[in-house]
2 protein chains.
Amino acid sequence: MENQDIKKAGLKITLPRVKILTLLEKHGGHLSAEDVYKILLEEGEEIGLATVYRVLTQFESAGLVVRQNFESGQSVFEIDNGTHHDHLVCLKCGKVEEFLDATIEKRQEAIARQHGFSIKDHALVIYGYCNKPECSAE
Amino acid sequence: MENQDIKKAGLKITLPRVKILTLLEKHGGHLSAEDVYKILLEEGEEIGLATVYRVLTQFESAGLVVRQNFESGQSVFEIDNGTHHDHLVCLKCGKVEEFLDATIEKRQEAIARQHGFSIKDHALVIYGYCNKPECSAE
DNA sequence: GATGATAATGATAAATCTTCTCATTATCAT
DNA sequence: ATGATAATGAGAAGATTTATCATTATCATC
């Protein structure tokens, strides 16, 4: 029940917040603020773009969603289900796949330690061409 | 001699291009287009911001420089010395350190293969706090 | 269930980063 | 030196995101 998540974050339960969180859960994928705005408009919801940006940032602070900065120039958001993962992005069709590799995670910790960094976060994105016929060529 | 690099890229040797490439080599670090523009202005050069953006993009296409997209929201550029590496970024002071880990590189190849992706590029950035006293405290 | 303090919304303006336009200027092969 | 062509720079414009602020909704309390 996503309403409880919103409340736990110290935020009031409002229609825009419920709509946005529900959409992200339903969609499952990686949506930009503009994506969220357009989809909600198409579904007949009345919502402002500023509200979408504001709510997504609040959800990020609250740990409800995770922000990803791919090369596209705009941030995309996905539900934070608690399991960290990295991304593979197809440069042709934009498909995003997720992966988690224990070896890489461990090495990162070691590298941060070697450099005297206390690791806070990391972003690993592999860019390439997926195996769809129209993408694999190039 | 950087003039040869510019020529090899199929670009005419112009003052702005030489200035920008020289600055990046001299500085060694990671500069944004705005950084490059300001530094050149301070050095008394006459140059337009549009030219800086244009030239940096051309240099990127030519493989002379590498573009990095950190969380800052703006692209930063560094000379491409041919040796790929990843980055550690301090969230407090902005310090950037470089590293290369063979294990991680190999695992990425394997992961891309497993997912049917032909890997084109990747970006790994570890965010954290460096060991300077003013940064290491959370 | 009504009330009121407070937070949230949405339209718009503005900030930020980057690219485009186009008249002027510089480069370089001849 | 000349001329075809590419490059520059100033400003406009585009794209993404944030700030402003009057109006509206939420929710604890009565």
Side-chain angles (χ1 to χ4, degrees), chain A residues 1-23 30-62 64-77 94, chain B residues 2-23 30-62 64-65 67-77 94:
Chain A
M1 187 50 176
E2 58 264 358
N3 287 13
Q4 290 312 306
D5 296 328
I6 296 174
K7 189 171 278 180
K8 270 187 229 154
L11 301 169
K12 289 186 177 172
I13 296 169
T14 64
L15 224 46
R17 287 181 181 144
V18 174
K19 296 291 181 196
I20 292 171
L21 197 52
T22 304
L23 172 59
H30 303 74
L31 297 175
S32 70
E34 193 78 31
D35 291 336
V36 170
Y37 176 63
K38 279 186 187 155
I39 292 172
L40 288 178
L41 283 191
E42 280 167 14
E43 290 180 354
E45 306 296 340
E46 281 198 8
I47 197 163
L49 181 55
T51 302
V52 175
Y53 274 102
R54 205 188 296 117
V55 168
L56 285 173
T57 303
Q58 290 166 338
F59 284 177
E60 183 194 11
S61 301
L64 296 180
V65 305
V66 180
R67 179 194 300 260
Q68 305 292 340
N69 296 292
F70 297 155
E71 282 182 1
S72 64
Q74 55 185 4
S75 297
V76 296
F77 299 83
Chain B
E2 58 266 356
N3 287 12
Q4 290 313 308
D5 295 329
I6 296 174
K7 191 172 278 179
K8 270 186 229 153
L11 301 170
K12 289 186 177 173
I13 297 169
T14 63
L15 225 46
R17 285 180 183 146
V18 175
K19 297 290 182 197
I20 292 171
L21 197 51
T22 304
L23 172 59
H30 303 74
L31 297 175
S32 69
E34 193 80 29
D35 292 335
V36 170
Y37 176 64
K38 280 185 187 156
I39 292 172
L40 289 178
L41 282 191
E42 281 167 14
E43 291 180 352
E45 306 294 341
E46 282 199 6
I47 196 164
L49 181 56
T51 302
V52 175
Y53 273 103
R54 206 188 294 119
V55 168
L56 286 172
T57 303
Q58 289 165 338
F59 284 177
E60 184 194 11
S61 301
L64 297 179
V65 306
R67 178 194 301 260
Q68 305 291 340
N69 297 291
F70 298 154
E71 281 182 1
S72 64
Q74 55 186 3
S75 297
V76 297
F77 299 83

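Because the structure is predicted, anything quoted here is derived from the model rather than measured. The chains referred to below are lettered A, B, ... by the order of the sequence lines, with proteins before strands, and numbering in each begins at 1.
Spacing between atom CD of A/Gln58 and atom P of D/dT18 amounts to 12 Å, rounded to whole angstrom units. When the C1' atom of D/dA7 is taken as reference, atom CZ of B/Phe59 falls 12 Å away, rounded to whole Å. The CG-C1' distance, from A/Leu40 to C/dG10, rounds to 14 Å in whole Å. Atom CG in A/Leu49 sits about 11 Å away from atom C1' in C/dA11, given to the nearest Å. Between B/Glu71 atom CD and C/dT16 atom P there is a gap of 19 Å when expressed in whole angstrom units. Spacing between atom CG of A/Leu21 and atom P of C/dA8 amounts to 15 Å, rounded to whole angstrom units. Between A/Glu46 atom CD and C/dT9 atom C1' the separation is 12 Å, expressed in whole Å. Between the P atom of D/dT16 and the CG atom of A/Asp35 lies a distance of 10 Å, rounded to the nearest Å.
Annotation for B/Ile47 and B/Ile20: closest pair CD1-CD1, 4.1 Å, computed over non-hydrogen atoms. When all heavy atoms are compared, the tightest approach of A/Asn69 to B/Glu71 is ND2-CG, 3.8 Å. Between A/Ala33 and A/Val52 the shortest heavy-atom distance is O-CG1, 3.5 Å.
Contacts of A/Tyr37 classified as ring-ring contact (aromatic ring centres under 6.0 Å, His included), with partners at least two apart in sequence or in another chain: none. A/Tyr53 pairs by the ring-ring contact (aromatic ring centres under 6.0 Å, His included) definition with nothing, not counting sequence neighbours. Evaluation of the side-chain hydrogen bond (donor to acceptor under 3.5 Å, both in side chains) rule for B/Glu43 yields B/Lys26 as partners, not counting sequence neighbours.
Checked against D/dT18, C/dT9, D/dG11, the side chain of B/Ala50 finds its nearest nucleotide in D/dG11.
Using a 4.0 Å heavy-atom cutoff across all strands shown, A/Glu34 reaches no nucleic acid atom at all. Residue-level contact check: B/Ser75 touches the backbone only, with heavy atoms under 4.0 Å from sugar-phosphate atoms and none from bases.
Each of B/Leu23, B/Thr22, B/Leu21, B/Leu15 was scored for a side chain to side chain contact (heavy atoms under 4.5 Å, CB included) with B/Lys19, with one residue passing: B/Leu15.
Distances shown here put every side-chain N or O of A/Tyr53 at or beyond 4.0 Å from the OP1 or OP2 atom of D/dT18.
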- Task: Mark up nucleotides 21-30 of chain D, 5' to 3', with B wherever a protein heavy atom is under 4.0 angstrom from a base atom, S wherever such an atom reaches only the sugar-phosphate, and - elsewhere.
- Result: -----BS---
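Map B/Thr51 and A/Arg67 each onto its nearest nucleotide of DNA chain D; the residue landing nearer the 5' end is B/Thr51. Nearer the 5' end of DNA chain C, as judged by each residue's closest nucleotide, is the contact made by A/Val55, out of A/Val55 and B/Gly73.
The stretch residues 46-61 of chain B participates, sequence neighbours left out, in these salt bridge (charged side-chain N to carboxylate O under 4.0 Å, His left out) pairs: B/Glu60-B/Arg67.
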- Note on the structure: Under the rule of Watson-Crick or G-U wobble with both distances under 3.5 Å, where | means paired to another strand and [ ] a crossing pair, DNA chain C maps to ||||||||||||||||||||||||||||||
- Task: Let me see the working for B/Asp5 and B/Phe59 under side-chain contact (heavy atoms from CB on, under 4.5 Å), right down to the final yes or no.
- Result: CA-CA 10 Å; B/Asp5 295 329; B/Phe59 284 177; over 6 Å; no
